[in-house]
Protein chains: 2
Amino acid sequence: MCFQSYIVIMIRLTSAEENYLKAVYHLSQEGKTTVSTNDISSEMKTKPASVSDMLRKLAEKEVIDYRKYYGVNVTENGKKYALQIIRKHRLWEVFLVEKLRFAWDEVHEVAEELEHIKSPILIQRLDEYLGHPKFDPHGDPIPDEYGDVKARPRLPLNELAINDGGQIVAVKDSSAAFLRYLDKVGAYIGARIKVLDKVEFDGSLEILVDNKKTLFMSKDVAANILVLQQ
Amino acid sequence: MCFQSYIVIMIRLTSAEENYLKAVYHLSQEGKTTVSTNDISSEMKTKPASVSDMLRKLAEKEVIDYRKYYGVNVTENGKKYALQIIRKHRLWEVFLVEKLRFAWDEVHEVAEELEHIKSPILIQRLDEYLGHPKFDPHGDPIPDEYGDVKARPRLPLNELAINDGGQIVAVKDSSAAFLRYLDKVGAYIGARIKVLDKVEFDGSLEILVDNKKTLFMSKDVAANILVLQQ
DNA sequence: ATATTATTTTAGCTTTATCTAAATAATATT
DNA sequence: AATATTATTTAGATAAAGCTAAAATAATAT
């Protein structure tokens, strides 16, 4: 006889529902307590009418709390579900980069498809195969199978002072264009950097990368690079 | 300037359409020239009415020839498309068994989902990563990117004579139950076998496996094991 | 306090993939 | 050859996920 100390939640979402839940979860992580229909609409690139429809469904399946006209909150169950999708997405990203030699700016779309494959054992084995990675190629933390995330304290590069140093651990903007730019200048995840100078006038910075190369970047670029300070 | 010597066929099927095309292709490989609606219906576990509907769509996209009430044939384009789905399915099966330590009877359902991921580069890289395998874990050949398959001449085990030997290269019935049975008795893909005796009465066989173990099997089981004769 | 604007929802339509029930074509039987 | 049976298709319905247009509600501006 085997008594389990937790209750297995049996929620089954379609791929479309999973994508909306993920969007709501991500938006809810960006500060605001409740997420609006329009926010979700522009995130998902669908019309607000479609969002309203979907919110009704997600509320029925109890992954969000939904008060008409007032916006939504993710429930505890919703959070757990969203974190499992994010876990799958990021594990596949690690696989694509480390095993299949994808560049870090090529992985998002494919991972977006792979994350919806329904097989708990597949993800468990993939995780094991990859050596239980804690961070994805963009430096974002990978939730464990219980939804726990190991967050690293990190700072936008533009907030470092002259002579401060650290390691690039993530990027805020992970658009392909931005990632390609970083690749080009050699500012990859894991690179050791040091701020050599900051220009008062426009906030641009002079950076030393891996004790070898110096490069200049605008404040806007630096604001999108997250650093683990040393 | 670059002139290509072939025309890229731009057909786009939904996952459901891909599954039907695959079923039609597989059935058409089993001898008969044209495939009937009922055959597809029982293969797909959907109603004949749904099949008729789908055949109309597949004919519109020119992957099958369809004459009402007479059944269907796969077109050249259809064949190419079907072989690419099969290629993806089998490459994923190799990945699951060789890299993620799945048993060969656990891979089918997951591969069934993975085969629909739309990314040519993903499959190219996966193939490379796996070392361009030519056969899947059940011994079935993996078509190359042009749809060419390296078939191995093979014989059902029950058709071997006493003292004939060979190597198990594939199974006809790849149901989980059958594969588990084979695993249990140690008759895996690649095993070297020799027919020690055949019982006239019921056609059952006594087999030597890997020069070590002998086992008895019914004619029905033997008929589902394909052997590369030596 | 009311009018205007912005946001959100509802109602009704479309497409895809399924179904059931009814109609039609092909085949088999007497 | 006429009829019965089986196979296949058509017609009409449903559920999911989107859309547009219109209505309802909330927020804001006068």
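In this text, all values refer to a predicted model and were calculated from it rather than measured experimentally. Per chain, numbering begins at 1; letters A, B, ... match sequence-line order.
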Could you walk me through whether B:W92 and B:V110 satisfy the side chain to side chain contact (heavy atoms under 4.5 Å, CB included) test, starting with their C-alpha distance in whole Å, then the side-chain angles of each, then the deciding distance to 0.1 Å, before giving a yes or no? CA-CA 9 Å; B:W92 281 117; B:V110 183; over 6 Å; no

Could you tell me whether the phosphate oxygens of D:dT10, OP1 or OP2, come under 4.0 Å of any side-chain nitrogen or oxygen in B:Y69?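 For B:Y69, the contact criterion (side-chain N or O under 4.0 Å from OP1 or OP2 of D:dT10) is not met.
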
Does atom NZ (A:K118) have a neighbourhood of more than 12 heavy atoms from anything else shown, all under 6.0 Å?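 Above 12, so yes.
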
How far does OG1 of B:T14 sit from CE of B:M54, to the nearest 0.5 angstrom?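 Rounded to the nearest 0.5 Å, the OG1-CE separation comes out at 5.5 Å.
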
Could you verify whether a donor N or O on one side chain and an acceptor N or O on the other, from [X] and [Y], lie under 3.5 Å apart?
X	Y	result
A:T46	A:Y20	yes
A:H116	A:N19	yes
A:S204	A:D202	yes
B:H26	B:E43	no
B:D173	B:S175	yes

Runs of at least three consecutive pairs that involve DNA chain D, where pairs are Watson-Crick or G-U with distances under 3.5 Å: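 Stem segments, range with range: C:1-30 with D:1-30.
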
Once side chain to side chain contact (heavy atoms under 4.5 Å, CB included) is applied, do any residues pair with A:Y188, and if so which ones, sequence neighbours excluded?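 Checked A:Y188 against side chain to side chain contact (heavy atoms under 4.5 Å, CB included); matches are A:A191, A:D210.
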
Give me the residues of residues 45-56 of chain A where at least one heavy atom lies under 4.0 Å from an atom of DNA chain D, by number, or none.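 Here the set is A:T46, A:K47, A:A49, A:S50, A:M54.
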
Relative to each other, are the rings of B:H89 and B:H108 parallel, tilted or perpendicular (30° and 60° limits)?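 B:H89 vs B:H108 ring planes: tilted.
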
Any idea how B:F95 and A:F95 line up, ring-wise: parallel (<30°), tilted (30 to 60°), or perpendicular (>60°)?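 Geometry flag for A:F95 against B:F95: tilted rings.
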
Rounding to an integer number of Å, can you tell me how far A:M44 CE sits from D:dG18 P?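 Whole-Å distance recorded here is 6 Å.
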
Expected output is a numbered-order residue list: members of residues 59-68 of chain A with a heavy atom under 4.0 Å from any atom of DNA chain C. What is it?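 Listed by number, they are A:Y66, A:K68.
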
Could you give the start and end, 5' to 3', of the contact zone on DNA chain C for chain A, using atoms under 4.0 Å from its heavy atoms?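 Range of nucleotides within reach of chain A: C:dT7 to C:dT10.
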
Would you say A:L13 and A:K61 make side-chain contact, with heavy atoms under 4.5 Å?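 In short, these two side chains touch, coming nearer than 4.5 Å.
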
In chain order, what residues pass the salt bridge (charged side-chain N to carboxylate O under 4.0 Å, His left out) check against A:K22, with sequence neighbours excluded?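 Here the qualifying residues are A:E112, A:E115.
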
